[in-house]
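Count residues from 1 along the sequence.
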Amino acid sequence: QDGVSAFYDFTHHSFDPGGTLIKNSIGTGWRHFFTEQLFADAKVGADFIQPVAGKDMVKPQYSLSLNNIRNATTLYTLTYSRQHADSPYSQFLFDSWQVSLNANKDLSPRINGNLNAFTGQGKYEDFGLKQSLTGVSGALTYALNRIWGLGLRYTYSRNNSNEPTNDYT
(Lines give C-alpha, C1' and ligand atoms only; values in the text may rest on other atoms or scores of the structure.)
Protein backbone atom coordinates (compact mmCIF):
# COMPACT_ATOMS: atom_id res chain seq x y z
CA GLN A 1 0.00 0.00 0.00
CA ASP A 2 3.01 2.33 -0.18
CA GLY A 3 2.53 5.11 -2.68
CA VAL A 4 3.78 8.26 -4.33
CA SER A 5 1.71 11.35 -5.10
CA ALA A 6 2.11 14.79 -6.63
CA PHE A 7 0.45 18.07 -5.74
CA TYR A 8 -0.05 21.53 -7.19
CA ASP A 9 -1.69 24.53 -5.54
CA PHE A 10 -2.34 28.03 -6.90
CA THR A 11 -2.95 31.00 -4.60
CA HIS A 12 -3.89 34.54 -5.66
CA HIS A 13 -4.43 37.32 -3.10
CA SER A 14 -5.41 40.85 -4.16
CA PHE A 15 -5.00 43.54 -1.50
CA ASP A 16 -6.79 46.88 -1.48
CA PRO A 17 -4.89 49.05 -1.06
CA GLY A 18 -1.77 47.23 -2.17
CA GLY A 19 -0.96 44.79 -4.88
CA THR A 20 -1.21 41.11 -5.67
CA LEU A 21 0.55 38.10 -4.18
CA ILE A 22 0.69 34.97 -6.35
CA LYS A 23 2.00 31.60 -5.20
CA ASN A 24 2.36 28.40 -7.21
CA SER A 25 3.22 25.36 -5.10
CA ILE A 26 4.35 22.06 -6.58
CA GLY A 27 5.73 18.95 -4.96
CA THR A 28 5.62 15.26 -4.33
CA GLY A 29 4.51 13.04 -1.52
CA TRP A 30 5.39 9.58 -0.33
CA ARG A 31 3.51 7.16 1.95
CA HIS A 32 5.17 4.18 3.59
CA PHE A 33 3.44 1.58 5.75
CA PHE A 34 5.63 0.14 8.52
CA THR A 35 2.79 -2.14 9.64
CA GLU A 36 -0.93 -2.36 8.78
CA GLN A 37 -1.58 0.28 11.47
CA LEU A 38 1.50 2.54 11.39
CA PHE A 39 2.50 4.64 8.38
CA ALA A 40 4.42 7.79 7.49
CA ASP A 41 3.57 10.53 5.01
CA ALA A 42 6.32 12.81 3.69
CA LYS A 43 5.86 15.78 1.35
CA VAL A 44 8.48 18.04 -0.22
CA GLY A 45 7.89 20.87 -2.59
CA ALA A 46 8.67 24.36 -3.75
CA ASP A 47 6.67 27.57 -3.61
CA PHE A 48 7.18 29.92 -6.57
CA ILE A 49 6.17 33.28 -5.13
CA GLN A 50 5.47 36.64 -6.76
CA PRO A 51 5.25 38.92 -3.69
CA VAL A 52 3.43 42.23 -3.56
CA ALA A 53 6.80 44.01 -3.42
CA GLY A 54 10.30 42.80 -4.16
CA LYS A 55 11.77 40.08 -6.35
CA ASP A 56 10.14 36.79 -7.25
CA MET A 57 11.39 33.96 -5.05
CA VAL A 58 11.40 30.18 -4.67
CA LYS A 59 10.98 28.82 -1.13
CA PRO A 60 10.94 25.20 0.09
CA GLN A 61 8.07 23.52 1.90
CA TYR A 62 7.98 20.13 3.58
CA SER A 63 6.08 18.05 6.08
CA LEU A 64 6.41 14.70 7.81
CA SER A 65 3.53 12.85 9.49
CA LEU A 66 3.47 9.70 11.57
CA ASN A 67 0.00 8.10 11.51
CA ASN A 68 -1.49 5.33 13.65
CA ILE A 69 -4.72 3.64 12.59
CA ARG A 70 -5.90 2.60 16.05
CA ASN A 71 -8.95 0.75 14.72
CA ALA A 72 -11.50 1.04 11.90
CA THR A 73 -12.87 4.32 13.32
CA THR A 74 -9.84 6.01 14.95
CA LEU A 75 -6.74 7.70 13.51
CA TYR A 76 -3.94 9.49 15.41
CA THR A 77 -1.51 11.77 13.55
CA LEU A 78 1.67 13.61 14.62
CA THR A 79 2.83 16.16 12.02
CA TYR A 80 5.78 18.53 11.58
CA SER A 81 5.58 21.08 8.75
CA ARG A 82 7.69 23.97 7.47
CA GLN A 83 6.59 26.59 4.93
CA HIS A 84 6.44 30.23 3.90
CA ALA A 85 2.75 30.75 4.58
CA ASP A 86 0.58 33.32 2.84
CA SER A 87 -2.59 34.83 4.21
CA PRO A 88 -5.54 36.73 2.74
CA TYR A 89 -5.10 39.18 5.66
CA SER A 90 -1.44 40.17 5.12
CA GLN A 91 0.74 41.05 2.14
CA PHE A 92 3.76 39.51 3.87
CA LEU A 93 4.98 35.90 3.95
CA PHE A 94 5.34 34.08 7.26
CA ASP A 95 8.38 31.74 7.47
CA SER A 96 7.05 29.17 9.91
CA TRP A 97 7.15 25.68 11.39
CA GLN A 98 4.36 23.82 13.19
CA VAL A 99 3.92 20.59 15.16
CA SER A 100 0.44 19.17 15.64
CA LEU A 101 -1.12 16.13 17.29
CA ASN A 102 -4.50 15.08 15.89
CA ALA A 103 -7.09 12.49 16.98
CA ASN A 104 -9.90 11.67 14.55
CA LYS A 105 -12.79 9.36 15.52
CA ASP A 106 -15.92 8.22 13.70
CA LEU A 107 -18.47 8.31 16.52
CA SER A 108 -21.19 6.83 14.30
CA PRO A 109 -21.67 6.30 10.56
CA ARG A 110 -22.69 9.97 10.23
CA ILE A 111 -20.86 11.73 13.11
CA ASN A 112 -17.12 12.40 13.22
CA GLY A 113 -15.13 13.97 16.07
CA ASN A 114 -11.71 15.58 15.88
CA LEU A 115 -9.31 16.91 18.56
CA ASN A 116 -6.14 18.78 17.68
CA ALA A 117 -3.28 20.32 19.68
CA PHE A 118 -0.72 22.49 17.93
CA THR A 119 2.28 24.73 18.47
CA GLY A 120 4.56 26.62 16.13
CA GLN A 121 6.72 29.64 15.51
CA GLY A 122 7.53 31.93 12.66
CA LYS A 123 8.82 35.24 11.45
CA TYR A 124 7.65 37.88 9.01
CA GLU A 125 11.00 38.30 7.26
CA ASP A 126 10.14 41.70 5.73
CA PHE A 127 10.09 43.45 9.11
CA GLY A 128 11.37 40.96 11.71
CA LEU A 129 8.14 40.34 13.61
CA LYS A 130 8.35 36.96 15.37
CA GLN A 131 5.30 35.06 16.59
CA SER A 132 4.56 31.80 18.36
CA LEU A 133 1.16 30.12 18.45
CA THR A 134 -0.07 27.35 20.73
CA GLY A 135 -3.58 25.98 20.95
CA VAL A 136 -6.18 23.26 20.85
CA SER A 137 -9.26 22.71 18.72
CA GLY A 138 -12.20 20.37 18.59
CA ALA A 139 -14.76 19.64 15.91
CA LEU A 140 -17.89 17.61 15.31
CA THR A 141 -19.17 16.90 11.81
CA TYR A 142 -22.54 15.43 10.86
CA ALA A 143 -22.93 13.98 7.35
CA LEU A 144 -26.31 14.93 5.91
CA ASN A 145 -25.63 12.72 2.89
CA ARG A 146 -22.62 11.63 0.80
CA ILE A 147 -21.94 15.22 -0.34
CA TRP A 148 -23.22 17.61 2.33
CA GLY A 149 -22.42 17.91 6.01
CA LEU A 150 -22.74 20.25 8.97
CA GLY A 151 -19.84 21.07 11.23
CA LEU A 152 -19.14 22.73 14.55
CA ARG A 153 -15.57 23.74 15.48
CA TYR A 154 -14.03 25.50 18.45
CA THR A 155 -10.41 26.68 18.63
CA TYR A 156 -8.55 28.21 21.57
CA SER A 157 -5.11 29.63 20.78
CA ARG A 158 -2.52 31.88 22.34
CA ASN A 159 -0.30 34.11 20.19
CA ASN A 160 2.95 35.50 21.58
CA SER A 161 5.11 38.00 19.73
CA ASN A 162 8.32 39.98 20.06
CA GLU A 163 5.97 42.97 19.61
CA PRO A 164 3.85 43.08 22.83
CA THR A 165 0.88 44.72 21.10
CA ASN A 166 0.50 41.56 18.95
CA ASP A 167 -0.02 39.14 21.88
CA TYR A 168 -3.57 37.79 22.09
CA THR A 169 -5.68 34.79 23.12
Side-chain angles (χ1 to χ4, degrees), residues 1-13 20-51 54-90 92-126 130-141 143 146-149 151 153-155 157 159:
Q1 293 182 353
D2 290 0
V4 177
S5 63
F7 66 88
Y8 172 77
D9 188 39
F10 174 77
T11 305
H12 181 277
H13 296 297
T20 301
L21 182 140
I22 297 173
K23 184 165 93 169
N24 290 277
S25 303
I26 189 166
T28 186
W30 171 72
R31 175 171 285 179
H32 176 70
F33 279 84
F34 301 105
T35 68
E36 287 185 11
Q37 287 183 265
L38 187 65
F39 65 97
D41 286 322
K43 291 183 180 179
V44 294
D47 294 331
F48 298 87
I49 303 165
Q50 296 173 347
K55 296 181 180 180
D56 291 0
M57 60 183 91
V58 179
K59 297 290 185 176
Q61 64 159 286
Y62 51 91
S63 67
L64 180 63
S65 297
L66 187 60
N67 306 274
N68 181 13
I69 303 170
R70 178 79 174 136
N71 56 43
T73 62
T74 308
L75 174 68
Y76 300 113
T77 304
L78 175 64
T79 303
Y80 172 82
S81 62
R82 180 81 194 237
Q83 68 173 330
H84 283 74
D86 58 90
S87 165
Y89 309 110
S90 173
F92 305 104
L93 294 170
F94 190 59
D95 180 11
S96 64
W97 64 266
Q98 181 175 336
V99 174
S100 63
L101 181 60
N102 188 63
N104 195 44
K105 173 84 173 163
D106 290 332
L107 302 170
S108 77
R110 290 187 170 225
I111 300 173
N112 177 272
N114 182 283
L115 295 174
N116 189 353
F118 54 89
T119 188
Q121 290 183 339
K123 177 180 174 183
Y124 289 97
E125 294 176 340
D126 291 343
K130 295 179 184 177
Q131 292 184 316
S132 64
L133 184 69
T134 301
V136 294
S137 67
L140 285 174
T141 306
R146 290 176 47 190
I147 298 171
W148 296 94
R153 172 176 293 278
Y154 177 78
T155 300
S157 62
N159 183 64

Inset, instruction - Could you check Y76, F39, F34 and say which one makes a side-chain contact (heavy atoms from CB on, under 4.5 Å) with L66? - result: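 Answer to the side-chain contact (heavy atoms from CB on, under 4.5 Å) test with L66 among Y76, F39, F34: F34.
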
Which atom pair, heavy atoms only, marks the closest approach of [X] to [Y]?
X	Y	answer
L64	A42	CD1-CB, 4.0 Å
T28	F7	N-CE2, 3.6 Å
M57	P51	CE-CG, 3.8 Å
H84	K23	O-NZ, 3.1 Å
N116	S100	OD1-CB, 3.7 Å

Legend entry - N159 side, atom CG; Q131 side, atom CD - distance, nearest 0.5 Å: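 So the CG of N159 and the CD of Q131 are separated by 4.5 Å.
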
Inset, instruction - Compute the ring centroids of Y124 and F94, then answer whether they are less than 6.0 Å apart. - result: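 For Y124 and F94, the ring centres are under 6.0 Å apart.
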
Inset, instruction - Kindly write out the residues that satisfy side-chain hydrogen bond (donor to acceptor under 3.5 Å, both in side chains) with Y89, not counting sequence neighbours, or none if the list is empty. - result: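 Applying side-chain hydrogen bond (donor to acceptor under 3.5 Å, both in side chains) to Y89 gives none.
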
Inset, instruction - Would you please name every residue forming a side-chain hydrogen bond (donor to acceptor under 3.5 Å, both in side chains) with H12, sequence neighbours left out? - result: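 Testing H12 for side-chain hydrogen bond (donor to acceptor under 3.5 Å, both in side chains), a comparison that skips the adjacent residues, returns none.
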
Enumerate the residue pairs fulfilling salt bridge (charged side-chain N to carboxylate O under 4.0 Å, His left out) with a member in [range], sequence neighbours excluded, ordered by first and then second residue.
range	answer
residues 29-45	R31-D41
residues 71-85	R82-D95
residues 102-124	none

Legend entry - Main-chain N/O of I49 paired to D47 side chain as donor or acceptor, under 3.5 Å: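 No; judged by distance alone, with no hydrogens or angles, the pair does not exist.
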
Legend entry - Backbone of L78 reached by a side-chain donor or acceptor of N102 within 3.5 Å: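 It does not hold such a pair.
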
Inset, instruction - Evaluate the criterion side-chain contact (heavy atoms from CB on, under 4.5 Å) for residue pair E125 and L93; output intermediate values, then yes/no. - result: CA-CA 7 Å; E125 294 176 340; L93 294 170; over 6 Å; no

Legend entry - Parallel, tilted or perpendicular: ring planes of W97 versus Y80, cut at 30 and 60 degrees: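 W97 and Y80: parallel rings.
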
Sequence neighbours excluded and cut-off under 3.5 Å, please list the side-chain donor-acceptor pairs for residues 133-141, or say none.
residue	atom	partner	partner atom	Å
T134	OG1	T119	OG1	3.1
S137	OG	R153	NH1	3.4

Inset, instruction - Assess the side chains of T79 and S65: does a donor N or O sit below 3.5 Å from an acceptor N or O? - result: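 Result is yes, a qualifying pair exists.
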
